[in-house]
Amino acid sequence: MHSMTRQALLAALSLSISLPALADEQGSTERGPTERGPTERLEADLRALFADEGTLAIGEVEEALIRDRVTAHDLHFAGPDGQQLWLDRYVVSGDYDRPDEVRIEGIRLETPGREQSRLAAETLLLDAPSRAVLPLHEETWPADVTFEGLSVEALVAEFAGQELGSEFGEGRGQIAIERLQAAGVSRDALDALEVSGVKGKAAGDDEFGSGTFSLAFARVEGLRGLAGTEEDRELDRLEVRDLAIDFDRLVASLSSLEADGDMTDGEGGFRLEALDLDLARMIALAPEAERTRLRMLSNVLTDGSGRLRIDADSSGRWESGEAASRLLGELTLTAGEAFGWALDADLPVRLPEGVTPADFLAGMESLEELTLLGGRIDATLTDLGLFERLPTIMAASQGVSEAEFLAQARTQAQGFGMMLGPEIEALFSGMVAMMAGEASELAIALTLPAESELEALSADPLALPERLEMRVESR
């Protein structure tokens, strides 16, 4: 985003991100800054805020007679490159040096040129800000600049050109948000951020093309590391409800998503409900050379309906002990009328000396320092229609009968067993049994060796049968 555009946009949203305002030279008097009244201080601070970027006109600044409140009316900022910002009112309530709230009404922003953008909001409310007029330049935002909460009503933004970012390429877009709220805001963190009633559209030349999207509700909690790199950011909790995406090459909806990334309490996980993918529409808009292969894959997964629904639920927790800790985890995944996958793990582990499970998870970059003390992993693959459809489609693609395809598959399973061991043969033979309708589930039980490293085990999966106990059962 162009730097001037970014600064003007931040000004419209919160007037919240440059150096503390100093007295404006044009509005200075013989009295010192501490002797000025709230009206003079607000006007001077607002003028100083925009002094290096363009010109600011203020219609009137008045102080309420009954309560501590000072209001600037009819503000108009004009930037050097044609940017314009209008504010109907800028209201500071409470002690000017430590306000109870700052309320901005009637926000309108326009940025001309190739990367044209417009922004409007009915109101922006800052709860208990550390200053009456907050900084504008993100890169110089002092760490002591905070506010307890923020809310925006009826926010509408329109962008063109590169303003949409690389996700939409050289396109145009609009996003409207009924309400946005944030709490515990600082330069580096957000205690909570919540949006509701989001609707948008975009016309671009990227991989997704043009389309619309909507989101009923989203909330994040415990967002940290905003001042650092993307790798430094942490998120305690995420909640999303009723997301719908309808683009040229991506058509999907999501009922709900909940993710708990805070492991300080020893637990975490995520739940995904009703992720619905419209494969048929996406395939129809795919390049012609890819459609045949994609339709075959879609038919296998959806039995010809062209719609795939995915549900998932995962949880994990740590149990600390004196000599060792235990990592317990469960995962269930259902892909519509295709397959189900369930995983249950119980792993006793030894952490580096002096490190708690919460500390290890918070700073985990690899599994090299984690030592397994044995444990088990149980997995179950359930056929919900996928495997019984495979022989028909695979046989047709190879120009053989279904019986011939199944016979070849059994022979290949035996060949894998000769090379990799009887456990691998049982695994592939179980899959063939599901394709032949002789079984509906494949259960895999793994017993892990003690004093082993997860990193080493995952690096050479083909050697796993020799290094751990594996039992496969089809039923």
Side-chain angles (χ1 to χ4, degrees), residues 7-21 38-39 41-43 45-46 48-50 61-64 66-73 75 85-109 119-138 140-157 176-198 217-227 235-239:
Q7 293 162 9
L9 177 59
L10 291 171
L13 283 172
S14 62
L15 291 179
S16 62
I17 314 178
S18 159
L19 298 174
T39 57
R41 294 180 65 186
L42 177 59
E43 180 172 358
D45 288 351
L46 287 170
L49 187 66
F50 294 97
V61 183
E62 63 175 0
E63 185 175 2
I66 299 176
R67 52 182 300 190
D68 292 336
R69 184 177 65 204
V70 58
T71 304
H73 297 268
L75 289 80
L85 170 66
W86 293 268
L87 306 176
D88 288 348
R89 280 170 293 280
Y90 190 105
V91 185
V92 180
S93 299
D95 185 344
Y96 189 86
D97 291 311
R98 190 72 185 188
D100 296 330
E101 67 175 39
V102 169
R103 182 182 182 89
I104 309 171
E105 302 175 356
I107 303 169
R108 301 177 305 282
L109 168 71
L119 180 145
E122 286 185 3
T123 60
L124 166 68
L125 179 65
L126 301 175
D127 185 20
S130 56
R131 304 176 187 179
V133 177
L134 300 183
L136 279 176
H137 305 292
E138 183 177 359
T140 59
W141 192 10
D144 63 339
V145 173
T146 61
F147 39 93
E148 293 181 4
L150 173 152
S151 64
V152 183
E153 301 283 350
L155 173 66
V156 178
I177 302 175
E178 290 182 2
R179 184 173 178 82
L180 180 151
Q181 292 179 284
V185 183
S186 67
R187 181 174 181 268
D188 190 56
L190 277 171
D191 288 348
L193 174 65
E194 188 174 293
V195 294
S196 57
V198 180
F217 175 85
R219 178 179 175 86
V220 297
E221 297 178 8
L223 181 58
R224 300 176 297 278
L226 295 175
L235 180 64
D236 288 346
R237 182 175 175 80
L238 168 67
E239 181 180 357

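Quick caveat, the model's predicted, so the values are computed rather than measured.
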Asp88 vs Arg108, side chain to side chain contact (heavy atoms under 4.5 Å, CB included): CA-CA, chis, key distance, verdict: CA-CA 9 Å; Asp88 288 348; Arg108 301 177 305 282; 3.2 Å; yes
With sequence neighbours excluded, residues passing side chain to side chain donor-acceptor pair (under 3.5 Å) with Glu122: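 Once residues adjacent in sequence are excluded, Glu122 has no partner under the side chain to side chain donor-acceptor pair (under 3.5 Å) criterion.
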Using a 4.5 Å cut-off on heavy atoms from C-beta on, say whether the side chain of Phe217 contacts that of Glu194.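 In contact.
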Flag the pair Asp45 / Tyr96 as yes when at least one side-chain heavy-atom distance between them is below 4.5 Å, and no otherwise.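 Asp45 vs Tyr96: side chains touch.
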Rounded at 0.5 Å granularity, tell me how far [atom1] in [X] sits from [atom2] in [Y].
| X | Y | atom1 | atom2 | value |
| --- | --- | --- | --- | --- |
| Glu101 | Glu148 | CD | CD | 11.5 Å |
| Leu126 | Arg103 | CG | CZ | 11.0 Å |
| Arg224 | Leu235 | CZ | CG | 8.0 Å |
| Glu221 | Leu193 | CD | CG | 10.5 Å |
| Tyr90 | Leu46 | OH | CG | 6.0 Å |
| Leu134 | Thr146 | CG | OG1 | 8.5 Å |

With side chain to side chain contact (heavy atoms under 4.5 Å, CB included) as the criterion, how do Leu180 and Leu150 come out once you've worked through the C-alpha distance, each side chain's angles and the decisive distance to 0.1 Å? CA-CA 8 Å; Leu180 180 151; Leu150 173 152; 3.4 Å; yes
For Ala176 against Val156, the heavy-atom pair lying closest together: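 Where Ala176 meets Val156 most closely, the heavy atoms are CB-CG2, 4.1 Å.
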Of [options], which meets side-chain contact (heavy atoms from CB on, under 4.5 Å) against [X]?
| X | options | result |
| --- | --- | --- |
| Ile104 | Val91, Leu87, Leu125 | Leu87 |
| Arg41 | Asp97, Val92, Val70 | Asp97 |
| Ile107 | Thr123, Val152, Leu155, Leu119 | Leu119 |

If the condition is side chain to side chain contact (heavy atoms under 4.5 Å, CB included), which residues does Glu178 pass it with, not counting sequence neighbours?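 Counting only residues at least two positions away or on another chain, Glu178 forms no side chain to side chain contact (heavy atoms under 4.5 Å, CB included).
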Is the backbone of [Y] close enough, under 3.5 Å, to the side chain of [X] for a donor and an acceptor to pair up by distance?
| X | Y | result |
| --- | --- | --- |
| Arg131 | Pro129 | no |
| Asp188 | Leu226 | yes |
| Thr39 | Val61 | no |

Side chain to side chain contact (heavy atoms under 4.5 Å, CB included) evaluation trace for Leu85 with Phe50: CA-CA 11 Å; Leu85 170 66; Phe50 294 97; 4.1 Å; yes
Please step through side chain to side chain contact (heavy atoms under 4.5 Å, CB included) for the pair Phe147 and Asp127, ending with a clear verdict. CA-CA 6 Å; Phe147 39 93; Asp127 185 20; over 6 Å; no
